[in-house]
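For reference, the structure discussed in these notes is given below.
Below, each value reflects all heavy atoms present in this structure, side chains not excepted, and no hydrogens, waters or symmetry copies. All chains are named by letter (A, B, ...) in the order of the sequence lines, taking the proteins before the strands, and each is independently numbered beginning at 1.
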Amino acid sequence: MVTPAQPPLLEAVGISKSFGPVEVLGDINLSLAPGEVHAIIGENGAGKSTLMKILAGHLPPTKGELKLDGKPVVLAGPVDAEARGIVLVHQEILLAPDLTVAQNIYLGREVRKGLTLDDKAMNKGAAEAVRALGIDIDPTTVVGRLSIAQRQLVQIARALLVPHRVVIFDEPTASLTLTETDALLRVILDIRKKGAAVLYISHRLPEVKEIADRVTVLRDGKLITTRPAEGLEAVDMARLMVGRDVAKLYPDRVATRAVDYALEVEGMNVPGYAHDASFKLRQGEILGFAGLVGAGRTELLEGVVGLRTSHGKVRLNGKPVHFVTVRDSLRAGIVYLSEDRKGKGLLLGQNLGINLTLAALGQFVRGLRIDRRKEAKALDASIAEFDIRTRNKDLLAGQLSGGNQQKLLLAKMMLLNPQIVIIDEPTRGIDIGTKEQIYKFIAELAESGKSVIVISSEMQEVIGICDRILVMRNGRIVGEVSGNHMTEDEIVVLATGVTSREAASMAEQA
Amino acid sequence: EDKKVTIGVSIPAADHGWTAGVVFHAERVAKLLMAEHPGLNVIVKTSPDAASQANAVQDLATQGLDALVILPSDPDPLVNAIKEVKDAGKFVTIVDRAPSTNDNSIRDLYVAGNNPALGQTAGEYIKAQTPDAQVVVIRGLPIPIDQQRQDGFDKGIAGSNIKVLDRQFGNWNRDDAFKVMQDFLTKHPKIDVVWTQDDDMAVGVLEAIDQAKRTDIQYVIAGAGSKDMVKKVMDGDKLIPVDVLYPPAMIGTAMALTAANFYDQIPVRGTYILDATLITKDNAKDFYFPDSPF
Amino acid sequence: MTDTTSAAPLRRSWRDIDLRAVAPFVALALLLVLGSFVNPNFLGLDNLSNVLTRSAFIAIIAVGATFVISAGGLDLSVGSMVAFVASLTIMFLNSGMIGNPFLMLVAAMLLAMGIGALCGLANGLITTVGRIEPFIATLGTMGIYRGLTTWLSQGGAITMRQPELQQLYRPVYFGKVFGVPFPLVAVALSAIVGAFVLYRTAFGRHVVAVGSNEDVARYSGIPVNRVRNVTYVIQGLCVAVACLLYIPRLGSTSATTGLMWELQAITAVVVGGTALRGGVGRIWGTICGAFILEIVGNIMLLSNFVSEYLLGAIQGAIIIIAMLVQRSLVRRS
Amino acid sequence: MTDTTSAAPLRRSWRDIDLRAVAPFVALALLLVLGSFVNPNFLGLDNLSNVLTRSAFIAIIAVGATFVISAGGLDLSVGSMVAFVASLTIMFLNSGMIGNPFLMLVAAMLLAMGIGALCGLANGLITTVGRIEPFIATLGTMGIYRGLTTWLSQGGAITMRQPELQQLYRPVYFGKVFGVPFPLVAVALSAIVGAFVLYRTAFGRHVVAVGSNEDVARYSGIPVNRVRNVTYVIQGLCVAVACLLYIPRLGSTSATTGLMWELQAITAVVVGGTALRGGVGRIWGTICGAFILEIVGNIMLLSNFVSEYLLGAIQGAIIIIAMLVQRSLVRRS
Ligand SMILES: Nc1ncnc2c1ncn2[C@@H]1O[C@H](COP(=O)(O)OP(=O)(O)OP(=O)(O)O)[C@@H](O)[C@H]1O
Ligand SMILES: Nc1ncnc2c1ncn2[C@@H]1O[C@H](COP(=O)(O)OP(=O)(O)OP(=O)(O)O)[C@@H](O)[C@H]1O
Ligand SMILES: [Mg+2]
Ligand SMILES: [Mg+2]
């Protein structure tokens, strides 16, 4: 244990938090020194976000107290915390979808000129704030039209706009690609340089290794340890988090030898998003789609399965098919798991059982009515098979942690017993232990002769589990890599049109 | 010792001037009658529409009635409800609006203004005064009494050169009548006479004419006998030379007659039709009640 | 996307579910107590049976509204639809097309159901295919159905003419089954069928899914528009059933039949605990809500100390108070 | 980097925002063309000025409704509120409490604004503090305000009595400013003030934020309940302004004053392009929507080929068609 030289800026003393009878945080002590980047890691549902919400005044602790500059404080709410210089970048995106980027960034702290708003100044300020993160978004764009990644960045820009002493990032990079992540990490180092403290949550352990001064590990709501990042390797972190060895993240597998194509797509156009895309998927193959955020991967595959209007030829097992709605493709044995788990994957306000059987309800109907006993059995089976960690089977889907939501979504779609599985961002915001489980699961799917398409912005991930990778840029498939060409460099070159080193320096200039 | 008698009175809610007058007179007469007969209890209930009036009749019956006096907001839909009271052997008085079968199987006493006559009187007046007039008509709501007045009007003007330019609904509402009249004035370059069959709507009609500064309109005929219109007739307003009486006080007549059935040994069964008297400058003061809300 | 299913409301909700479902029944019980103070006749069998019987129309319509609202829709046209369906049915009964009165009656009932379903379908298609907000779409059809009724009746009333048919039909409103008024039986049947469909069948599950999150429903392969359309058709069928009870009661319709019933039906649904934003449906709460509305009116009428001018005001106040009681019950849990 | 990729979709977005804002005006233009075919007098200055002038009440009320709806609320009580505020104001004018007629008038106007604001505040508090869905809360107050009006008028009409006051007041509805009817000036002023507050002030920004996502607004330190309450107060003030124009027109009110105006105001708002779910507000579209509604009625009345019985039906149909036209315009972009 290292004691920081300076007195702690923010301190949590004996913090506990219970939701009803369930204690999700127990007796947490944490201190944050000025000018340090302090990473918090832990499995999904370990209580990281809950702790951060307490530190930022969004939730009151059940027990324990906070100290700011050594003096006890009670935070009346997020606004109070912000006034004291504590800002939180939420894990979920908290922006008003109907307002523009600038309006969101300045919401609640508008710049005024007399009676009126100074929109010019705000647009300018917003453009600068966003550019400081290494991207360029028109500040007058309505947030509802941005991609998730862009929203995430806008949210960060918003948080950094006020004077801050403690900045809490709750999985800021989950939906970002490499270059954007790099830019963000540089911003964080900047903040540190100015003497503020940063709390940083991420499931991407190399990132944590790269940036953190100290690392605190949470497991099941308990603080396991706080250690200097020096000498702590990613594998060690993983072991501390999960409580066991995570030796190999990506499963070993032999690429499929099948020659038959399960799915052939030719000249697919999704108006406004993807143009003239053609690709083929073998039986038992895991095919990756890489590219920068906004390259149009999601839209292309949504177009293929009938979730969007699209034009082009699709052949399934050699037979031409045309999916007008997603029902057609589901019936044909293709499932698509959305990257937007909360918005398009699960009914957050309904319980686990209703979510699980929603897509495959037909199997649970006997006569006219739903066989509730069979439903309950299926839930038990899925909880076991997919290792969904829940304290209570009556929980609402929205009360599960992110990783468990993803497993529930997988379980839901697997009930359909599909032949082709398309998973969009399978591990976004998911802890390393769960990632391992999901990768293993994907590999097993392929083993059993099913074909899988993985869309991911995490380069390592596509490289680690895919047999072959297609790279998209600006709505077009610009290349394919396979075998030992599957390296980050090759992919980045294809995705950006420039080498990764050039890309990084461009981001720096921006 | 006075006989104990309960009379239930069911009337439409006061949703425009005329029904407000009905409510006013019902309450007034209820007090008078109860003062006169210490054993008499009169319960007055108002309802906004036919379905809730049917409910009100049921509720009154629940309280134990000897007689029901009802002015149905819409007669046919209430027949069944009334019949139930009648079949229980109670004395039933129907006021103003007659159901399609209006005989002693459903009521003992029928007191009414004369809806067809209201239209007919207006029509005949126009025929007599301006036999070649071009007339626009603003109707009430699309319900049967409105239709009866309309038919009476057509009968009244039959055989003359009177031309009905247009008919639209003003919903017995001042604002709607104002609107309809404005548009009539836009649409028809020459209008001689306006018939609105209701004093409330006449208020809107007069404003619209005034605003358009049109001088071709010779006069407006309304109906009911509200104090404002009667006053105009009395004062010799050129646009309102006459008004057709359709007194809301008829509810009071019906209640008094019903009470008489119990307290005075006189037979009151049958039909009492009040005239649709033409109020002119000469007789106007007989119909002017400044205290009434209508 | 901007998913703010913030922790707090979620946590609260699962425990409240029970209390929230119970709240309307508590409010009903309180009203019954209040009523018994106001007038000794209130708790009499006659009065209660009267009141419950006449709440049948709204209750049955509100069962349909529960479906529409659970799926995230709204139907403001039901009141006009009652007028329209009932008018056409009476006109058919008067037409004497079928000699045998019994067969005639059966045919008329089928016709009513058919028209109701079609009207509902029209509402559904305008909102789903036309993509017009339900509020506006059904406000439009509200005008259309009522306008057509006015036109059919040529401004007058449409009244059943054949006395023998009327005699035959009368028991449907005034009759009793084992001492229970027939309309109450109809309410119970509608509610049972409604609850079965909503809670026990795949379709009901789909309705709730569509109402909670349309995108999730679509990505799960649920035919969102079809589900919505069917809820509107169900609403139309419920309206038709209400008409079948309504016709024998008053035997006649006019352009003012069913005026404002849409607001009453929606109020019943909401007082019963179904949220207007969709995703939750409580059939039994709805029935309870319809009873509450009618009982409030009944208490007003039976009490002799409320000026009749103030009736509407007090009714409004009671609805607000009932909702406040509900909220505070739920919050305290 | 990402800038290149986002360029294309971005450009698309601002273009269809514009179309959505323009759509109501296109619909209005189409109606004007239609009207000119129906009746040559339609495009006459007199007729247009009549029609626009009488749409003033709804237009002004709908400006307030735009605020309420943008913030995610709804107010069904505005029609009753018109009756209530106007009645109290006339009663005050009749009381003769102030000798000087001019001062009397000014005092009455201030009183009306005060009562309107209070009524609005009551609506706001019931929905925010009482946490009752706006639909139900304002349905309740709708009953209350109308009930109180009925009681004040004892069911009859409340009429201005002093002729000199009436004479003094008359120009407020019938007068002209530089040839423009005064009510139109009032509409323009309300819209300008409304647009300024909604688009140019921090409060307006907060209104939209609250309607777009309440939680986000709360986390941003916006006093959500206060913002909501103020939108209801603004609605109340708009109602009061409408009353001030309404009173001199006929000089009297009754229990039916303002009946169904709430539905008209909401329709105007939605036809104008504001979404009922909140988060977007279009003041000028609302004004356009109010004009559209009134012009549809006017065209019907001026035409010779529509049966008076079918008026309501056709009006309903036109609203639906107008919305369909809007949708298809927006979709084609
Ligand atoms: N409002 C709530 N009610 C009940 N349980 C909750 C609530 N919010 C969170 N939880 C539970 O508390 C635990 C901790 O959740 P938290 O969101 O803090 O996890 P996390 O470490 O941030 O996970 P992730 O990595 O998935 O974001 C989880 O088990 C979660 O289900
Ligand atoms: N509703 C929308 N309207 C207009 N443009 C949009 C909308 N949603 C997304 N976009 C834009 O479409 C482009 C592609 O979207 P998206 O980010 O989903 O692609 P992607 O390749 O799947 O990326 P990722 O999945 O990594 O986020 C982006 O430029 C984004 O800004
Ligand atoms: Mg978290
Ligand atoms: Mg994507």
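The part of A/Thr357 that comes within reach of chain C is its side chain, from C-beta onward, which places non-hydrogen atoms under 4.5 angstrom from that chain. For C/Phe196, the part lying near chain A is the side chain, with the backbone staying farther off; criterion is any non-hydrogen pair under 4.5 Å.
The backbone N or O of C/Ser212 sits nowhere less than 3.5 Å from a side-chain atom of A/Gln350 that would complete a donor-acceptor pair. Using a distance-only test at 3.5 Å, with no hydrogens or angles considered, no donor-acceptor pair links the side chain of C/Asn213 to the main chain of A/Leu346.
Between A/Glu375 and C/Arg205, at least one side-chain nitrogen of the basic residue sits less than 4.0 Å from a carboxylate oxygen of the acidic one, meeting the salt-bridge criterion.
Nearest heavy-atom pair, C/Ala209 versus A/Leu358, reported as atom, atom and distance to 0.1 Å: CB-CD1, 3.7 Å. Nearest heavy atoms, C/Pro223 versus A/Arg327: CD-NH1, 3.1 Å. Closest approach of C/Ala202 to A/Val365, counting heavy atoms only: CB-CG2, 3.8 Å. Across every non-hydrogen atom of A/Glu302 and C/Tyr219, the tightest pair is OE2-OH, 2.6 Å.
In the displayed structure, A/Lys393 atom NZ is contacted under 6.0 Å by at most 12 heavy atoms of other residues, nucleotides or ligands.
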side-chain contact (heavy atoms from CB on, under 4.5 Å) between C/Arg200 and A/Leu368, intermediate numbers included
CA-CA 8 Å; C/Arg200 298 270 151 179; A/Leu368 274 177; over 6 Å; no
Stepwise side-chain contact (heavy atoms from CB on, under 4.5 Å) check, A/Lys344 with C/Asp215
CA-CA 5 Å; A/Lys344 294 173 180 153; C/Asp215 277 328; 3.8 Å; yes
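The line from OG1 of A/Thr325 to CD1 of C/Ile222 is 12.0 Å long, rounded to the nearest 0.5 Å. To the nearest 0.5 Å, atom CZ of residue A/Arg372 and atom OH of residue C/Tyr199 are 10.0 Å apart.
In terms of heavy-atom pairs under 4.5 angstrom with chain A, the leader among C/Gly204, C/Gly279, C/Ala217, C/Ser220 is C/Ser220.
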